[in-house]
Amino acid sequence: MAADSSMLPVLVGLGMRNLSVAPGNAVPAQRDLAVLDEIICRRLAEQCLKADTLGDVRALLGRPAAQGATTPPVDADEAMDPVCGMVVHTADTPYALRVGGVAHFFCSRSCLMRFMNHRETKEGEANTDGGVH
């Protein structure tokens, strides 16, 4: 989230002081942070917390409304973690897995393991006949 310039004011307004971004996003994030006013950020965060819908939050942040999509847009060098939905920079994550010709990228080892465990469980269920004859 800290690499998304529209989210930085909300993070600052919520009191976040230590932010983590991929190395390639550090300079733009620092530039964006340098011009933020903490009081204005706090007011924006309060408005976001009071918003009723995601569309309301998007409007407050000056982001376009989603066109019927429930997931955020992803750039060419990004992927969505299939477990938690976090946007992952494909070049920066060591947690990747190719399944059936499809590459999956994960934000953490924990999400990778959950994905693998879920797949093993599903495959195990598919390999049993359930005892019905």
Would you be so kind as to tabulate the donor-acceptor pairs closer than 3.5 Å made by side chains of residues 30-40, with sequence neighbours excluded?
| residue | atom | partner | partner atom | Å |
| --- | --- | --- | --- | --- |
| Asp37 | OD1 | Ile39 | N | 2.9 |
| Asp37 | OD1 | Ile40 | N | 3.1 |
| Glu38 | OE2 | Arg17 | NH2 | 2.5 |
| Glu38 | OE2 | Arg42 | NH2 | 3.3 |

- prompt: With a 4.5 Å heavy-atom cut-off, do Val10 and Leu60 have their side chains touching?
  reply: no

field: Taking every non-hydrogen atom, the tightest pair across Ala45 and Gly13
entry: CB-C, 3.7 Å

query: If you take all heavy atoms of Cys41 and Pro9, which pair is closest and at what distance?
result: CB-O, 3.2 Å

Residue pair Val99, Phe115: steps toward the side-chain contact (heavy atoms from CB on, under 4.5 Å) verdict: CA-CA 11 Å; Val99 178; Phe115 181 84; 4.2 Å; yes

field: Minimum heavy-atom distance Leu8-Ala2, with the two atoms named
entry: CD2-O, 3.3 Å

query: Taking all atoms of both residues into account, what is the closest heavy-atom pair of Asp56 and Asp52, and its distance?
result: OD2-N, 3.5 Å

query: Is the shortest heavy-atom distance from the side chain of Leu49 to the side chain of Leu14 under 4.5 Å?
result: yes

query: Mind checking whether Leu112 and Met116 have side chains closer than 4.5 Å, heavy atoms only?
result: yes

Result block: side-chain N/O donor-acceptor pairs under 3.5 angstrom for residues 87-96, not counting sequence neighbours:
| residue | atom | partner | partner atom | Å |
| --- | --- | --- | --- | --- |
| His89 | NE2 | Asn25 | ND2 | 3.4 |
| Thr90 | OG1 | Asp77 | O | 3.0 |
| Thr93 | OG1 | Tyr95 | N | 3.1 |
| Thr93 | OG1 | Phe106 | O | 2.7 |

query: Got a sec, which residues hit side chain to side chain donor-acceptor pair (under 3.5 Å) with His104, two or more places apart in sequence or on another chain?
result: none

query: Given the rule that I, L, V, M, F, W and Y join up when any side-chain heavy atoms are under 4.5 Å apart, are Leu11 and Val21 in one cluster?
result: no

- line: CZ of Arg109 to CE of Met113, rounded to nearest 0.5 Å, is 5.0 Å

